[in-house]
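A short worksheet on the structure shown next.
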There are 2 protein chains.
Amino acid sequence: MKLSNGVEWALHCCVSLGQSHAPVPAARLAKLHGIPPAYLAKHLQSLSQAGILRSTPGPVGGYSFAQSPTQVSVLDVVLAIDGPEPAFRCTEIRRQGPLGLGPEKCRKPCAVSRAMAAADAAWRAALKGVTIADLARDIDADSAGTAMGSVRQWLAGTG
Amino acid sequence: MKLSNGVEWALHCCVSLGQSHAPVPAARLAKLHGIPPAYLAKHLQSLSQAGILRSTPGPVGGYSFAQSPTQVSVLDVVLAIDGPEPAFRCTEIRRQGPLGLGPEKCRKPCAVSRAMAAADAAWRAALKGVTIADLARDIDADSAGTAMGSVRQWLAGTG
DNA sequence: GGGAATATACTCGGATACACAGTGTCCGAGTTGTTCCGG
DNA sequence: CCGGAACAACTCGGACACTGTGTATCCGAGTATATTCCC
């Protein structure tokens, strides 16, 4: 199992984007984080389609939050980038082979699928409990309250 | 994020294998579940290398449990097939870009990485709480106590 | 008849091709700010 | 001096190649069994 690399970029970009009220172009976010601009644009596009970000074209356009960062959970961002389907997909192998069960015996998911689904639910619950605003607050706490201010200043400037 | 398909096969095979005291060849397990024999052998090999199963060569050889199914958790099997590394890998993008932090500021993982690691820990905890024996018991409960008996009978026979 | 060497058949183990999703990039459609011209 | 239209620059959006991991398969190395031969 391997999580797409764009998830990390999307989360960091959301945290940074929450510091600016004005729209920020994708190229500028890419330069801020030192990542490929074109590829980041692809992922920001996914966030826009998911309704997390709002895109505004034109010279002073860019991406901005469609909702308050306090209401966007990490799970929302992860699902927007990685897709909503769970990691484990049951192929119903209990219905195959010489001892395959009939459809009437497969009303509810098998025990294996249930165990995996429960773990997936725990994973999602943990991600749902953290918001983008929480991440920004934690990062500020790590840096004694200087990191987010620097980001605000850099985004406002023309560097 | 997509979990390898072999994880499902390995779990079902472990449940079935727990019903037989004698070693069972990979080809026989494959026929029982209706899956490609050669590919299943590759995954059983991983389980053997992880110390979960024990392989015995020769005419009456095959795979058998190295430990009691009551002591093997679902997490053990998943990690053996999918690899021990977590799904999210922090690439430390906070150290890149114009506002990149120096190494002295990166003693502990960043907030994003911490949130993802916490979710991963919750996922693993959920999988660690279920054993192969638990799965077998649940499957028996689903089928009114007939499924595991049929598997035992089929594995003992020559079908 | 008993024992040992041998041939055999069956098992796992790693090395080898193919396919799909993730990675990375590009150029075109659309919108806004600017500029120029006319009134 | 003011209003409107044309222009240009900048933005996102989807379509196009490349790479790495997962999928699927095969044949060779090794071992316990059954046979066979010899004592």
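Note that the structure is predicted; figures quoted are calculated from it, not measured. Computed over heavy atoms, backbone and side chain alike; hydrogens, waters and symmetry mates excluded. Here is how names work: the chains are called A, B, and so on, in the same order as the sequence lines, proteins then strands, and each is numbered from 1.
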I'd like to know whether Gln71(B) forms a side-chain hydrogen bond (donor to acceptor under 3.5 Å, both in side chains) with Thr131(B), so could you lay out the CA-CA distance, the side-chain angles of the two residues, the decisive distance to 0.1 Å, and finally the verdict. CA-CA 7 Å; Gln71(B) 296 183 354; Thr131(B) 68; over 6 Å; no
Hey, does the side chain of Ser143(B) reach the backbone of Ile139(B) with a donor-acceptor pair shorter than 3.5 angstrom? yes
Does a donor on one side chain and an acceptor on the other come within less than 3.5 Å for His43(A) and Ser4(A)? no
On a heavy-atom basis, the closest approach of Gln96(A) and Gly34(B) is OE1-O, 3.1 Å
Does Ala26(A) reach a base, just sugar-phosphate, or nothing at all? Heavy atoms under 4.0 Å. sugar-phosphate
So, applying side-chain contact (heavy atoms from CB on, under 4.5 Å) with Ser46(B), which one of Ile81(B), Asp82(B), Val77(B) is it? Ile81(B)
Short of 4.0 Å, heavy atom to strand atom, which residues of residues 49-66 of chain B count as contacting DNA chain D? Pro57(B), Gly58(B), Pro59(B)
Whole angstrom is fine here: how far is it from [atom1] in [X] over to [atom2] in [N]?
| X | N | atom1 | atom2 | value |
| --- | --- | --- | --- | --- |
| Lys31(A) | dC10(D) | NZ | P | 13 Å |
| Arg28(B) | dC12(C) | CZ | C1' | 17 Å |
| Ile81(A) | dA21(C) | CD1 | P | 18 Å |

Please step through side-chain contact (heavy atoms from CB on, under 4.5 Å) for the pair Trp154(B) and Arg28(B), ending with a clear verdict. CA-CA 10 Å; Trp154(B) 191 89; Arg28(B) 191 159 182 77; 3.7 Å; yes
Is there a side-chain contact (heavy atoms from CB on, under 4.5 Å) between Asp120(A) and Met116(A) once you walk through the steps? CA-CA 6 Å; Asp120(A) 195 80; Met116(A) 298 302 291; over 6 Å; no
Would you mind building the protein contact string for nucleotides 18-28 of chain D? One character per nucleotide, 5' to 3', B for base within reach (heavy atoms under 4.0 Å), S for sugar-phosphate only, - for untouched. ----SBBBB--
Are Leu155(B) and Leu17(B) co-members of a hydrophobic cluster defined by side-chain heavy atoms under 4.5 Å apart? yes
